[in-house]
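Notes for the one structure printed next.
Keep in mind that the numbers below use all heavy atoms, side chains included, and drop hydrogens, waters and symmetry copies.
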Amino acid sequence: MSEILKTEEFLMNMGPQHPATHGVLRLVLTMNGEVVVRAIPHVGYLHRSTEKILENREYIQIIPYLDRMDYLAAMCNELPYVLAIEKLMEIDVPERAQTIRIIVFELNRIVSHVMWWGNFGLELGAFTPMLYGFREREEGLNLFEYISGQRMTYNYMRIGGVARDLPDDFSERTKNYLKIIKEKLKDYDGLLTENIIFQQRTKNIGIIPRETAINYALSGPMLRGSGVKWDIRKGEPYCSYENYDFEIPTGETGDVFDRYMVRYNEIIQSTRIVEQALEKLKPGEFQAKVPKKITPKGEIYFRVETPRGEMGIYLVSNGTSKPYRFKVRAASFCNLSIAEEVMKECYMADLPAIIGSIDFILGDVDR
């Protein structure tokens, strides 16, 4: 009498405390052996009602709250908000302030990407890249602490400019940091990029076709990794990005490796932008003259290209000292929407690679 082997699907929780979920994310997995039949993300564990809180704050009080959403790119969070207010109030920002903004914005992109690079290696079982990523990140945070006094939540941008001017030796220190980054990228190649095991774990895994990426409103490296050459810094320039020479890295297959290479190449492009900005940096005012009472009036949506993708600020103001409505288009939240689609029919062992390639921050997802 022969026995028939019967299999059945089963549910498995991944998170919310799992170290490979980039924070408090819970994935409810329907498994068929080692194959993921369905992956449903559950978010909201870090929800703090930030947008509603900001509707009850003075305009100048809002900036520190934005730092705490995508806490790995706090400088980038502050910029779309101040640009939105400046556009509503028709404030002309001094050229030096514009250049400083680009310098710190791109430095924050580098710091964010090297941190992602290190953690991504760790998620695939490589411990050394994490140590390297943290090392380069700490050097970048030293620069931010030098100009703002803080290492993660900076409160540096201001309506009309920045909080304080750059120290005299900041340019030299930044050039040294960029030199370090260029040298260390060679180590990054040896550890991961050219590593055959790493390539086997990432190539043809988690493929997102071009049309799918567009339909899910993906942005940033998630979109460009699928071959869509769209970058807000080029398409809708702000802070005079149109005067800088840089390329938009894209992928072809739309797999995990392509998304990895897009971020890797963005580090190189950001070093180019910062070097150009340091050459353009001229003496002058770092803050425009603005009214003591900030009371814009109107409706606006302003977006920038953060390390995660498109971050947009939708603001409705009725002329009082507080916003009437405040909404954030968070790149991490929108990019995470592809999770169920891209994880379908993958192996359990590939989940950390796919999750890591999305590069979401839960503070940005939940707010």
Side-chain angles (χ1 to χ4, degrees), residues 54 57-67 73-109 144 147-148 154-168 170-171 174 231-246 270 273-306 310-326 328-329:
L54 298 187
R57 294 292 182 271
E58 303 279 342
Y59 283 100
I60 194 62
Q61 295 176 315
I62 289 175
I63 298 172
Y65 286 89
L66 300 174
D67 286 332
M75 286 289 190
C76 305
N77 290 1
E78 299 172 12
L79 188 57
Y81 168 68
V82 296
L83 289 174
I85 298 296
E86 288 162 4
K87 191 170 183 179
L88 277 180
M89 298 184 66
E90 298 181 347
I91 296 173
D92 291 326
V93 180
E95 182 181 348
R96 181 175 177 84
Q98 297 273 31
T99 308
I100 292 173
R101 286 176 173 181
I102 286 183
I103 291 172
V104 297
F105 196 94
E106 294 303 325
L107 282 175
N108 211 164
R109 191 185 309 277
F144 292 138
I147 63 174
S148 71
Y154 309 110
N155 190 22
Y156 183 66
M157 301 290 178
R158 288 292 183 273
I159 298 169
V162 293
R164 55 187 64 84
D165 202 356
L166 299 178
D168 293 337
F170 182 80
S171 293
T174 303
D231 189 310
I232 299 171
R233 294 172 296 174
K234 288 279 192 180
E236 297 177 4
Y238 51 92
C239 293
S240 302
Y241 265 109
E242 64 274 14
N243 298 324
Y244 291 80
D245 179 31
F246 63 99
S270 288
I273 295 172
V274 174
E275 287 172 342
Q276 293 173 59
L278 291 174
E279 294 297 323
K280 294 176 183 289
L281 194 61
K282 299 177 182 178
E285 296 294 328
F286 63 89
Q287 175 68 48
K289 293 182 179 179
V290 298
K292 291 185 177 179
K293 199 73 172 178
I294 304 296
T295 55
K297 190 173 183 179
E299 179 180 4
I300 191 170
Y301 176 78
F302 203 100
R303 57 184 180 173
V304 301
E305 188 73 37
T306 74
E310 177 183 334
M311 178 185 177
I313 299 292
Y314 173 68
L315 183 68
V316 180
S317 177
N318 54 9
T320 62
S321 61
K322 300 175 183 178
Y324 178 72
R325 284 289 180 268
F326 196 104
V328 177
R329 194 274 186 195

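- For the pair Phe246/Arg233, a side-chain contact is recorded, criterion being any heavy-atom separation below 4.5 Å from C-beta on.
- Side-chain contact between Arg158 and Val82: absent, with no pair of heavy atoms (C-beta onward) separated by less than 4.5 Å.
- For the pair Asn108 and Ala74, the tightest heavy-atom approach, listed with the atom from each and the gap, is OD1-N, 3.3 Å.
- With hydrogens and angles ignored, the 3.5 Å screen pairs a side-chain donor or acceptor of Arg109 with a backbone N or O of Glu305.
- A distance of 5.0 Å separates CZ in Phe144 from CG in Leu107, rounded to the nearest 0.5 Å.
- The distance from the CD atom of Glu275 to the CD1 atom of Ile273 is 10.5 Å, given to the nearest 0.5 Å.
- The side-chain heavy atoms of Lys322 and Glu58, taken from C-beta on, include a pair separated by under 4.5 Å.
- With values rounded to the nearest 0.5 angstrom, Leu88 atom CG is found 8.0 Å from Tyr59 atom OH.
- For the atom pair Ile103 CD1 and Ser270 OG, the distance stands at 12.5 Å (nearest 0.5 Å).
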Mind listing the side-chain donor-acceptor pairs of residues 283-303 below 3.5 Å, one per line with the distance, residues two or more places apart or on another chain?
unit_1: Gln287; atom_1: NE2; unit_2: Ile159; atom_2: O; d: 2.9
unit_1: Glu299; atom_1: OE2; unit_2: Tyr314; atom_2: OH; d: 2.4
unit_1: Tyr301; atom_1: OH; unit_2: Glu310; atom_2: OE2; d: 2.7
unit_1: Arg303; atom_1: NE; unit_2: Glu236; atom_2: OE1; d: 3.0
unit_1: Arg303; atom_1: NH1; unit_2: Glu310; atom_2: OE1; d: 3.1
unit_1: Arg303; atom_1: NH1; unit_2: Glu310; atom_2: OE2; d: 3.4
unit_1: Arg303; atom_1: NH2; unit_2: Glu236; atom_2: OE1; d: 3.4
unit_1: Arg303; atom_1: NH2; unit_2: Glu236; atom_2: OE2; d: 2.5

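- Between Cys239 and Val304, the closest side-chain pair of non-hydrogen atoms is not below 4.5 Å.
- Listed by chain and residue number, nothing satisfies the ring-ring contact (aromatic ring centres under 6.0 Å, His included) test with Tyr65 (two or more places apart in sequence, or in another chain).
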Would you please test Met311 and Val328 for side chain to side chain contact (heavy atoms under 4.5 Å, CB included) and show each step? CA-CA 7 Å; Met311 178 185 177; Val328 177; 4.1 Å; yes

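- Checking side-chain atoms of Glu78 against main-chain N and O of Met157 turns up a donor-acceptor pair under 3.5 Å.
- Nearest heavy atoms, Thr99 versus Ala277: CG2-O, 3.2 Å.
- Distance CG/Leu79 to CD1/Ile102: 9.0 Å, rounded to 0.5 Å.
- For the pair Val93 and Gly160, the tightest heavy-atom approach, listed with the atom from each and the gap, is CG1-O, 3.7 Å.
- You'll find the side chain of Arg101 reaches within 4.5 Å of the side chain of Gln98, heavy atoms only.
- No more than 12 heavy atoms of other residues, nucleotides or ligands lie within 6.0 Å of CD in Glu90, so this atom counts as exposed by the packing criterion.
- Applying the ring-ring contact (aromatic ring centres under 6.0 Å, His included) test to Tyr241 and every residue at least two apart in sequence or in another chain returns Tyr238.
- The shortest distance between side-chain heavy atoms of Leu54 and Leu66 falls below 4.5 Å.
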Pair Tyr156-Ile63, side chain to side chain contact (heavy atoms under 4.5 Å, CB included): steps then yes or no: CA-CA 8 Å; Tyr156 183 66; Ile63 298 172; over 6 Å; no

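- Looking at Asp165 and Ile100, their side chains come closer than 4.5 Å, going by heavy atoms from C-beta outward.
- Residue Lys87 places its NZ atom among 12 or fewer non-hydrogen atoms of other residues, nucleotides or ligands, all under 6.0 Å distant.
- With contacts defined as side-chain heavy-atom distances shorter than 4.5 Å, the pair Glu106/Gln276 does not qualify.
- The CG atom of Leu315 sits 7.0 Å away from the CD1 atom of Ile62 when rounded to the nearest 0.5 Å.
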